[in-house]
Structures are given as structure tokens and as C-alpha cells.
Q: 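Following this message is one structure expressed as C-alpha cells.
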Amino acid sequence: MATTVGLIVVRGPTETPSAAFRRSRDQHKEKTVSTFLEEHGRTHMCGELREENIGETVTLMGWVSKYRNLGRLVFIDLRDRSGVTQLRFDPHHAEEIHDVATELRSEWCIAIIGEVVSRGANKNPDMPTGSVEILPQSLEVFSKAETPPFVIREETDAHEDLRLRHRYLDLRRGPLQEALLTRSKVNALTRNYLVDNGFAEFETPVLNRSTPEGARDYLVPSRIHPGKFYALPQSPQIFKQLLMVSGFDRYFQIVKCFRDEDLRADRQPEFTQIDMEMSFVTPEDVIEICEGMMAAIFEGVHDIDVEPPFERLSYDEAMVRFGVDNPDLRFGLEISDVSEAVADSEFRVFSGTVARGDVVRGICVEGGVEEFSRKDLDELEEQVKIYGAKGLAWVKIKSDDWSGPVANFIGDDEREAISAKMGASVGDLLLFVAASADVACASLGNLRKDLGNRLGLIDEDEFRFCWITDFPMFEEEDGQLHAMHHPFTSPHPEDLDRLDGDPLKLRAQAYDLVLNGHEIGGGSIRIHRQDVQNRIFELLGLSEQEAQDKFGFLLDALQYGTPPHGGIAFGMDRLLMILTGVDSIRQVIAFPKTTQASDLMAQAPSDVDEEQLEELHLRLIEPKSEENSTS
RNA sequence: GGGGUAGUAGUUCAGAUUGGUUAGAACGCUGGCCUGUCACGCCAGAGGCCGCGGGUUCGAGUCCCGUCUACCCCGCCA
């Protein structure tokens, strides 16, 4: 076989590296097109060679991952998305190729043709391909590489902003490759499952009309209609309901959604939903389909059985026991309400709080007496203050007595009642928050999650699903009602004839799917009757005219024989974050944005030309901020 | 809008309490040596606007003020 040698920098004795690089680049221009790919096809991926391939001549293509020169013997780890194979360049086998190999550097993109041989006694048991190596007979350099700004290997300690600036390099690393390939797999599993269950995939508009409800919209100015704007969808909610009106029966879409709100580790301005809607269904039907879908995804990705049906909790029960509507059920540390037990307490903070109609709730940390120093407890107090708690009262139950700053104010009868309520015994640490129910829930609910992490109570390999049901229809803010889910959510059937009672007591036919403490999906049965829809708008303080202005086309559609329908949407990014065991959704998105909604690689958002603004009938009112002094 | 953490070689960090001659280490990079490495090893070398701007001072990486960027959180996200 002829030896092909492609673009190789062989540096002259007095030549600088950059001069050598330029010279070889210029030489490469003469050889305008490599004919390597016309003559040779890839026969294997780098991660798949095993002992049974010994003796075969293979063609591999990939990147130089690691270079080890032992003098006359050169080893190179060649990497592609499937893994790594070791190449051995030995002057005994091919002198010319060996000389060329000594010039290779990290991240050059190359192809080799060579024989698979056994490593004999030099096997590497830590590599899947560790019992074989390749003796290359020919080598083609497709392209050389500058030294990357950070080393491309499985584990990196480079800061995230640097990696985001060079995302295409970060994405060469194994963990990110796996995450994105898992993402692709979940896409395929989802489509297969839903299509098999009678769902059809439809696209809905991205350029849409702005609706004032909900999150802040991303707006797109219209060139053709001066002064008017499209909005990017926060979700395809109304369109999927219209598809039900049209009779498509079962719809799904894997779709980008946009919300212009502040970011978090699990929130990006553009994110992907698995969006579904079904006609003629009860919540049970939706839940069953979703459980089947989760089972298919988890079996396909991790080969594990998540064992539906999943546990269910009402919203009220979740809030009382766990303080949040997205409880992590992988550990205990449940919250107890001790308001009654401390109503007459000598400790005024407790009794005063109860007298005001607020609550005293606590968490019993089994065996926590030894675990927590005064400093630790101060830290925990800081944690609850974030959520508005004034303080964190604590008591250590030691064998002889209760200790802690407030212990003296708690009488014997009270102690007995508290212990009974919290299931406390000697050696336990009791933590209390006295506050409004909202603050007590938020502070203790989040404290509980912190404690679960801190005490190592969480089995990272466990996937614990839970449905939260019976959400309130409305929440109140400054005397104004807001829809908790969205204004098209149907009231609970048992509450339908109580629409004239206290609206805050109305329950919705809404359900969230929670996995390991993250809300991964939420949906509801929708209102399909116009009279009910009008009543809900009324409760929300929307006049008929306003409702018509905002949602007129949906209301019109409801007049033409609407099937009962309902659906759900899953947060694909959050689901993947849990599936791949990472702690931010940036790690499962190919090109994510920073917490300031910037793309550090593409440098978006950016300035635009005056002419573009003009065409769009826009004028900037803020003076342009000066260029960043750091950039 | 608010709270917290960080920013010093290409990278990850030390140096900061106590302002003082020439700002260090590791990894990476470059060169040399090395035939079984796989975090290869050994030797040598290059590499710095101490985020940016201002102030205090005889003198600032270090003290003060402002500002920018990244990350985490509260608010916000039907």
C-alpha cells in the first residue's frame, strides 16, 4: 500500500514554529484538495476496536488526543466521538511515517491506515480498546490545530466562561459529547414512543402574537407593519389547543420556547419542551401516557425500570410535608407543624407567632446533636433568612436535658408535645422557623434540601418520580388573582359548582411531574366550555373586551364544538440534566447562554446597523453604553 | 432590582493580615534526551496591562471608591 503523507510541519533547523506553520500552510495551498477521502473510507470508529479485530487493516479518523514520545517509540491516542485507540509509531515498521508522527500535536485532525495488533503484556485494562493498538502504515493530516486555550480531556478545571467562549472545543470532551448524544437519544425515544401511541408531530409558529400573561416576551419587530411586533412563544399553548379543536386528537412537538426572565442553573432564555396535548382524556389518561414515556426514556438511556405508577401528592400535602411543590423524595427530614404545641409557650417568638395566626414548623434531624456546631447552625440560619425567616430556633436533645438558646423557655409539657409531633428522641437536633405559612414552607423546604445534601442522605443513582396534583387555581398578589398554571386550566370537577365561592379555595385539574426535587413537567385539563372560561376570566379581573382582545381567536374557536382536552409539557433540558447527573442545564445544551443571557462564543446579543433599525422603524432611546473596558 | 463568591502566566491557583528591590508553583507550550508509554520520565527555556478606571501614598497585585465579566441564590419565571 502506498504511503500517503499529508500536511505535515517539518520545521527547518533555524525556522520558528510560526514560520514553519506558514510555510506548510502555503505548501498545502498548492495541494488544493486532499484525495485521501476519495481513495479511503473510514472502516471503524476509534472506540470500537477489540481483540477480535487483531490482524485487520483499518482506517481511522479523528483527533490527536494525547502524544507520548519515548524517543524512538511514539504513542498517540486517537479520539473520535466513540472513544480512543492507541496508535504506535515504531521506526521498525515504517521509518517515514514515524518521522512524520513525531511532528503531530494535540487536536490535529488526522486519518491513519494500519494494522490492528495485540498489545500483549502491555494491555491497558482501563481503556475499552486497551488490549489492541494500531501500527499505522499511512497517515493523512486533514488539519493542524493551534494549541487549544484549555486542555481537552475528560475532566477539566478550566473556568466555564473560557469553555463557553470556545464551546466547539469544550464539546470535544467526553462528558459533553455523551450528554448531547444522550439528548439525541431521548429525542428519538420520545418521538418513537409518542408516535407509537397515536400522537402526531406538528410545528407551530415561532413568530407569534404577544400575550401579556405570564413571562416577559422576546419581541421581534415587524418590517412590514411599522410599529408592530411579533413575540417568540413562551410555549405553544394556544396553538396546541387549537389543534385539538381541529380534531387531531393527539399532538406532540419537541419545541423551543422563549422567556425573557432572569436565568438560573436550571433556566435558560431559550429552552426545549416536549409538548403534548390529547383530546377526550382525564388526568389519569395523561398521567398514564407520561409514565409510559418516562419508562421508555429511562429504559432506553439507562436500562432501568422506573416502575410506574409513580407516587402522588396533593399540592397541599407536598407543601405541609416538604415545604415546596417540587419535593425531593429520596430522603426524609419531613417538616412538622408544632404550632399547637407551642401556642402557649413562654418563648414569645413561638406563642406570638401562633397568636398572629402564623405557624411554627420544624425539622427533626435524627442524631444531629453531634453533627452540627454552633457555626454550622449559624450557617443554617443564614440559609432560612434568604427566604424571609427572621431566624432559626434550635434545640439539641441531649441525654440529660434540652440545650440551646431557647431550650430554657420550653416547658416539660411542651417538650413532650413537640417530641411527639416531630418523632424526636435523644440525640436529635430540632430546627424551628416561626413565620407566615408561605415563609415557613419556603425556608424549611429549602433548608430540608440543603440538609439532605449536607448529610449525604441522597442516593445519586436513584430516580424518584412524584406527581403533584390538585394545585390551587389562583394565587393572590396585592389583592389581584393570578392563574397559577394558566388561564385555560379547568377547575377540579368537584369544584365546578363552587365557582362563586372563595376563588382561592378552588382546585385546578393541574398536575406537575417532579423528579428528584426538580419540576420536569406540568400540565392540566383545559377548559372546553365557553361559560366556564368566561367565569375564570371574570375572576382574573379580565373584562369580556380584554379577554376578546387577548385571546379572541381561542375563544372564537371554543364556540365550534371543542373536545374536552388536556396535556402537559416537559422541560427537556431539566430532564436531561437529571438523566446525565449534571447540575446545570448548560451542560446538556450545545450552545448555552450565560446568566446574563449572552452567548460568549457568538457574542450575542450584538449591536446592529443603523440601516437595520431604520428598516424596522426602530430608534434607540438609551445612549449606547460605552464599549466594555475589558473587551 | 437585591445578596453572595470569584477575576494574578495559555490554564488552574498561591502571593493580599503586615504596601517596599527581580510576582511564584503546577499543568500546558517550545527545544533537547529517552523503545512499552497510557497523568510517560529527565533536563533546559519562553511566557505577566496582577479584569478595567480612578483615588490614597515617596511607593499599590496588596488599602479605598467605582465599574465590567462569570457563577450561585432571592425577587422574577402563568
Side-chain angles (χ1 to χ4, degrees), chain A residues 11 13 16-18 20 65-77 84-93 98 105-106 119-127 129-130 133 146-166 211-217 234-235 237 257-269 271 382-388 439 442-443 446 450 471 473-475 477 481-489 508 510 519 522 524 536 540 569 571 583-584 586 593-596 598 600 625-631:
Chain A
R11 194 190 296 178
T16 65
S18 56
S65 181
K66 200 73 197 173
Y67 171 91
R68 294 179 293 278
N69 186 342
L70 277 68
R72 296 293 287 154
L73 188 59
V74 175
F75 294 105
I76 278 168
D77 291 338
V84 164
T85 291
Q86 175 168 285
L87 314 179
R88 171 156 63 95
F89 293 91
D90 188 330
H92 288 323
H93 292 272
H98 173 268
R105 288 297 180 268
S106 289
R119 287 212 211 173
N122 299 306
K123 276 181 193 169
N124 183 345
D126 299 330
M127 286 169 71
T129 60
E133 61 191 359
E146 296 289 332
T147 301
F150 54 94
V151 183
I152 314 292
R153 59 175 156 224
E154 296 289 287
E155 298 299 324
T156 177
D157 53 6
H159 287 165
E160 200 177 0
D161 55 340
L162 180 75
R163 285 157 41 208
L164 285 174
R165 268 206 301 285
H166 306 274
T211 52
E213 291 272 326
R216 200 175 289 120
D217 283 322
Q234 298 174 25
S235 81
Q237 182 60 38
C257 302
F258 305 85
R259 294 178 190 177
D260 187 5
E261 296 292 345
D262 286 351
L263 283 71
R264 287 285 191 287
D266 62 355
R267 275 171 19 198
Q268 285 270 307
F271 59 100
E382 291 307 311
Q383 286 297 306
V384 297
K385 281 183 173 172
I386 292 171
Y387 301 93
V439 168
S443 56
N446 287 288
D450 286 345
F471 281 83
M473 282 288 285
F474 306 109
E475 48 196 348
E477 192 186 326
L481 289 183
H482 292 277
M484 196 151 175
H485 188 57
H486 56 57
F488 319 115
T489 302
E519 181 205 322
S524 64
I536 297 300
L540 287 168
D583 49 21
S584 124
R586 291 187 299 275
K593 294 186 170 52
T594 69
T595 53
Q596 303 223 37
S598 306
L600 295 180
S625 62
E626 302 211 351
E627 282 291 299
N628 294 339
S629 45
T630 50
S631 68

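Chain identifiers are assigned alphabetically (A, B, ...) following the order of the sequence lines, protein sequences preceding nucleic acid strands; residue numbering begins at 1 within each chain. These numbers come from a predicted model, not from an experiment.
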Q: Roughly how far apart, to the nearest Å, are B:U57 and B:G10 at atom P?
A: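 Those two atoms are separated by 34 Å.
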
Q: Nearest whole Å is fine: how far is B:C40 C1' from A:Gln86 CD?
A: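 A:Gln86 atom CD is separated from B:C40 atom C1' by 11 Å.
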
Q: Rounding to the closest angstrom, what is the interatomic distance between B:G2 and B:A16 at atom C1'?
A: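 Going atom to atom, C1' in each nucleotide, I get 28 Å.
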
Q: With heavy atoms under 4.0 Å as the rule, sort A:Ser235 into base, sugar-phosphate or nothing.
A: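 Base contact.
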
Q: With sugar-phosphate meaning primed atoms plus P, OP1 and OP2, does A:Asn124 contact a base, only sugar-phosphate, or nothing at under 4.0 Å between heavy atoms?
A: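 Base, at least one base heavy atom under 4.0 Å.
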
Q: Between B:A44 and B:C38, how far apart are the two C1' atoms, rounded to whole Å?
A: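 Approximately 25 Å lies between the C1' atom of B:A44 and that of B:C38.
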
Q: Checking only heavy atoms, does the side chain of A:His159 share a donor-acceptor pair with the base of B:U12 at less than 3.5 Å?
A: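 Check fails, no donor-acceptor contact within cut-off.
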
Q: Rounded to whole Å, how long is the line connecting atom CG of A:Asp262 with atom C1' of B:G3?
A: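 A:Asp262 atom CG is separated from B:G3 atom C1' by 14 Å.
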
Q: Is the shortest side-chain heavy-atom distance between A:His98 and A:Asp90 below 4.5 Å?
A: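 No - every pair of side-chain heavy atoms lies 4.5 Å or more apart.
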
Q: When only distance counts, do a donor and an acceptor, one from the side chain of A:Arg165 and one from the base of B:U69, lie under 3.5 Å apart?
A: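 Not at all, since no donor on one side and acceptor on the other fall under 3.5 Å apart.
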
Q: Please figure out whether A:Tyr387 or A:Met127 has its closest RNA chain B nucleotide nearer the 5' end.
A: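 Nearest nucleotide further toward 5': that of A:Met127.
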
Q: Quick one: closest heavy-atom pair of A:Tyr387 and A:Val439, and the distance?
A: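 Distance-wise, the nearest heavy atoms are O-CG1, 3.6 Å.
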
Q: Regarding A:Arg119, tell me which of base, sugar-phosphate or nothing describes its non-hydrogen contacts under 4.0 Å with the strands shown.
A: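 Base: the residue A:Arg119, judged by heavy atoms under 4.0 Å, touches a nucleobase.
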
Q: Starting at CG of A:Asn69 and ending at C1' of B:C38, how long is that distance when rounded to a whole Å?
A: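 To the nearest whole Å, that distance equals 14 Å.
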
Q: So which one's nearest nucleotide on RNA chain B is more toward 5', A:Arg586 or A:Pro149?
A: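 Of the two residues, A:Pro149 wins.
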
Q: Can you tell me, in whole Å, how much space there is between the P of B:C42 and that of B:C27?
A: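 Nearest-Å result for B:C42 against B:C27 at atom P: 9 Å.
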
Q: Considering every strand and a 4.0 Å limit on heavy-atom distances, what is the contact class for A:Glu477: base, sugar-phosphate, or nothing?
A: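 Since no nucleic acid heavy atom lies under 4.0 Å of A:Glu477, the category is nothing.
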
Q: What is the distance, to the nearest angstrom, from the OH atom on A:Tyr67 to the P atom on B:C34?
A: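 To the nearest whole Å, that distance equals 13 Å.
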
Q: Would you mind classifying the nucleic acid contact of A:Lys123 as base, sugar-phosphate or nothing, using non-hydrogen atoms under 4.0 angstrom?
A: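 Here A:Lys123 touches the bases of the nucleic acid.
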
Q: Hey, is the side chain of A:Arg68 pairing donor to acceptor with the base of B:G41 inside 3.5 Å?
A: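 Answer no: no donor N or O sits under 3.5 Å from an acceptor.
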
Q: Does a nitrogen or oxygen in the side chain of A:Gln596 sit under 4.0 Å from OP1 or OP2 of B:A70?
A: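 Checking B:A70 against A:Gln596, a side-chain N or O does come within under 4.0 Å of OP1 or OP2.
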
Q: Grab the two heavy atoms, one from A:Thr211 and one from A:Asp217, that are nearest each other, plus how far apart they are.
A: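 Answer, listing the atom of A:Thr211 first, then A:Asp217: O-OD2, 3.4 Å.
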
Q: Decide yes or no for A:Arg119 and A:Asn124: does some side-chain heavy atom of the first lie under 4.5 Å from some side-chain heavy atom of the second?
A: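 Of all side-chain heavy-atom pairs linking A:Asn124 with A:Arg119, at least one is under 4.5 Å.
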
Q: Within the structure, does a side-chain N or O atom of A:Arg105 lie under 4.0 Å from either OP1 or OP2 of B:U30?
A: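 Yes.
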
Q: Whether the side chain of A:Gln268 engages the backbone of A:Arg586 through a donor-acceptor N/O pair (distance < 3.5 Å, no angle test) should be reported.
A: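 No: the side chain of A:Gln268 does not pair with the backbone of A:Arg586.
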
Q: Has the side chain of A:Arg267 got a donor or acceptor that lies under 3.5 Å from a partner of the other kind on the base of B:C76?
A: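 Check passes, donor-acceptor contact within cut-off.
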
Q: Return the stacking result for B:U11 and A:Phe150: yes when the ring centres lie under 5.5 Å apart and the planes under 30°, no otherwise.
A: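 No, the aromatic ring of A:Phe150 does not stack with the base.
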
Q: Check this one for me: any side-chain N or O of A:Thr595 less than 4.0 Å away from OP1 or OP2 of B:C71?
A: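 Indeed, a polar side-chain atom of A:Thr595 lies that close.
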
Q: At 4.0 Å (heavy atoms only), tell me whether A:Pro487 reaches a base, stays on the sugar-phosphate, or touches nothing.
A: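 Base contact.
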
Q: Check the phosphate of B:U11 against A:Arg163, side-chain N and O only, distance under 4.0 Å to OP1 or OP2. Yes or no?
A: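 Answer is no, no contact under 4.0 Å.
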
Q: Take atom C1' in B:G20 and the same atom in B:A25, then report the distance between them in whole Å.
A: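 Taking atom C1' in both B:G20 and B:A25, they lie 23 Å apart.
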
Q: Determine whether A:Ile536 and A:Phe474 make a side-chain contact, defined as any pair of heavy atoms from C-beta on separated by less than 4.5 Å.
A: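 Yes, at least one pair of side-chain atoms sits under 4.5 Å.
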
Q: Ignoring hydrogens and geometry, is there a side-chain-to-backbone donor-acceptor pair from A:Gln234 to A:Ala215 under 3.5 Å?
A: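 Confirmed, A:Gln234 side chain pairs with A:Ala215 backbone.
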
Q: Does A:Thr594 make a side-chain N or O approach to OP1 or OP2 of B:A70 shorter than 4.0 Å?
A: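 Yes, such a contact exists.
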
Q: Strictly below 4.0 Å: does A:Lys66 bring a side-chain N or O up to OP1 or OP2 of B:C40?
A: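 Yes, within the criterion.
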
Q: Is it the case that B:G75 (base atoms only) and A:Glu261 (side chain only) share a donor and an acceptor within less than 3.5 Å, ignoring hydrogens and angles?
A: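 Checked by distance alone, the answer is no.
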
